[in-house]
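Down below is the structure, laid out as structure tokens.
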Number of protein chains: 4
Amino acid sequence: MSGINKVILVGHLGKDPEIRHLEGNVTVASFPLATSEMYNKDGRRVEQTEWHNIVMWRGLAEVAAKYLFKGKLVYVEGKLRTRTYEDKGGVRRYTTEVVADNFTLLGRKSDFENPVNATDDPAAKKVDDANSEPEVDFKENDGEEDSLF
Amino acid sequence: MSGINKVILVGHLGKDPEIRHLEGNVTVASFPLATSEMYNKDGRRVEQTEWHNIVMWRGLAEVAAKYLFKGKLVYVEGKLRTRTYEDKGGVRRYTTEVVADNFTLLGRKSDFENPVNATDDPAAKKVDDANSEPEVDFKENDGEEDSLF
Amino acid sequence: MSGINKVILVGHLGKDPEIRHLEGNVTVASFPLATSEMYNKDGRRVEQTEWHNIVMWRGLAEVAAKYLFKGKLVYVEGKLRTRTYEDKGGVRRYTTEVVADNFTLLGRKSDFENPVNATDDPAAKKVDDANSEPEVDFKENDGEEDSLF
Amino acid sequence: MSGINKVILVGHLGKDPEIRHLEGNVTVASFPLATSEMYNKDGRRVEQTEWHNIVMWRGLAEVAAKYLFKGKLVYVEGKLRTRTYEDKGGVRRYTTEVVADNFTLLGRKSDFENPVNATDDPAAKKVDDANSEPEVDFKENDGEEDSLF
DNA sequence: TTTT
DNA sequence: TTTT
């Protein structure tokens, strides 16, 4: 029945987020995130980098567009989702993405001139722009559009 | 600076949740949760149980009141919060609690007659009772009342 | 730079683990794991299931072979790894797996006749069979063979 | 039966670790870690800081002694443990700590001149100093001494 | 005070 | 392909 599907990453953006606007005023941001691990192989220090496809929806995507850039160190929390698509040759292929629920900027002091702690909220119907600081405790609608991508 | 404060527990409730109603129609649920670990000590199998004080606020507390009972196996996600209080002798004491963000019932088949996957949502202003299944994807206001407790 | 790459899943095995024995006495176990989520769509209750490819190495694979079976509810902790391979047509393809670090059996009472809390340990050179209960606090070598698969 | 007790923190050390050497050549490191959260209260930006007592054992403590200092940004993974003690007045008191399993230094570029990704390993009997880089993939014995503290 |  |  109900299960848990949670991903926690800390890594650097490989590129600026790519922003797309879908019908119904839905924003989607996507970018590659690198998580590197150092380990010893035969006595030498080796770095292994894993690349993750991060996807952010709606309000979270809009915050991402403002604050996330190539090279930034970021904490990302989300869930795994494998989707299927057909390549140009009509072959069914799979790709696994991390659909983010929230993120937090970490890292260099300069990053913190605009600290961000954003959340993709599946419940709220509308962002409350009223009380300033839209980048903090940001919430936004989620839902069936998840499968539009 | 922004940081991360996350707790993930899977364990059994030691008691039924204790429900309190604060001013402003704010509901608080609290209960002890046991997480047990088996390990080998001198070749013998030993069980070590850790007890956690779980606190749930508002809508999440109301869902807890309906679905969480002594003995249930539950996944709880939340954050650590240490608060200070004065004991009867006027001595300052500290207690550390896990303030839950969401929970998911796991476990026995009988538990799944009422499956629950609930979330405490700091953004939504009102629970949407309209479209049934209030226990699923439940959302509720959060905020400064966190410190009322 | 060092990063974090962590996956936490609670779900049911879709099949018994498939066990392979590689050169050098290395065991690999792999199986699909389903994590289901209930949500409301247009007022109706909908279940969405995500399938994850779980991979376990060495000693952890051996524990998996003994205790994990189709239908079991299990907590799995691990890391994401996307690897590349060529399909029969010589086309480069990608697949994303969760390489498990440890797992814990959850769930039905009958599951607990053989409770398991296993760990894939990148440090230990050999499993300590001496002091009984090999299924608990199980540790095993890890390392470069990770890329043999 | 078996449960999950996991804490994930990203924050800054409030002090240099305090290092203690117990009987049996057991090292213990402890330090306060701050995780801050920004949120909006009445339209103003407010920062709330939570302090955590982090404890590291054996080899992990030794790595901590070398690489962790006041102000450093660090990812810490561990488990909650509440222990009881008697204060000077003979009153039973409780304190909750995060017993770390591993940590990773994050943050400023200068931090990465000595990147660290350390693990407290409950299985390995001895650290392998042979192949250099003792700070990476560090492993060490764990066990019953956990309760010596 | 849970669970096995 | 799981589970409820």
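With contacts defined as side-chain heavy-atom distances shorter than 4.5 Å, the pair B:Asp16/B:Glu18 does not qualify. Two residues are said to be in side-chain contact when any heavy atoms from C-beta on lie closer than 4.5 Å; D:Thr95 and D:Tyr85 meet this criterion. Within the 4.5 Å cutoff, side-chain heavy atoms of B:Leu80 are placed close to those of D:Val7.
Candidate nucleotides F:dT2, E:dT1, F:dT1 were compared by shortest atom distance to the side chain of B:Trp51, and E:dT1 ranks first. Of all nucleotides listed (F:dT2, E:dT1, E:dT2), E:dT2 comes nearest to the side chain of B:His12. Out of E:dT1, F:dT1, E:dT3, the shortest distance to the side chain of C:Pro32 is found at F:dT1.
At whole-Å resolution of the value, CE in B:Met38 and P in E:dT3 are 15 Å apart. Rounded to whole Å, the distance from CG on C:Asp16 to P on F:dT1 is 14 Å. Atom P of nucleotide E:dT2 and atom CG of B:Leu9 are separated by 18 Å, given to the nearest angstrom. In this structure, B:Leu68 atom CG and E:dT1 atom P are separated by 20 Å, rounded to whole Å. Counting to the nearest Å, the P atom of E:dT4 and the CG atom of B:Leu73 are 9 Å from each other. Rounding to whole angstrom units, NZ of residue B:Lys72 and P of E:dT4 are separated by 12 Å. With rounding to whole Å, B:Tyr75 atom OH is found 22 Å from F:dT3 atom P. Between the P atom of E:dT4 and the CD atom of B:Glu47 lies a distance of 11 Å, rounded to the nearest Å.
For the 3.5 Å distance criterion, the side chains of C:Thr27 and C:Glu62 qualify, holding a donor opposite an acceptor.
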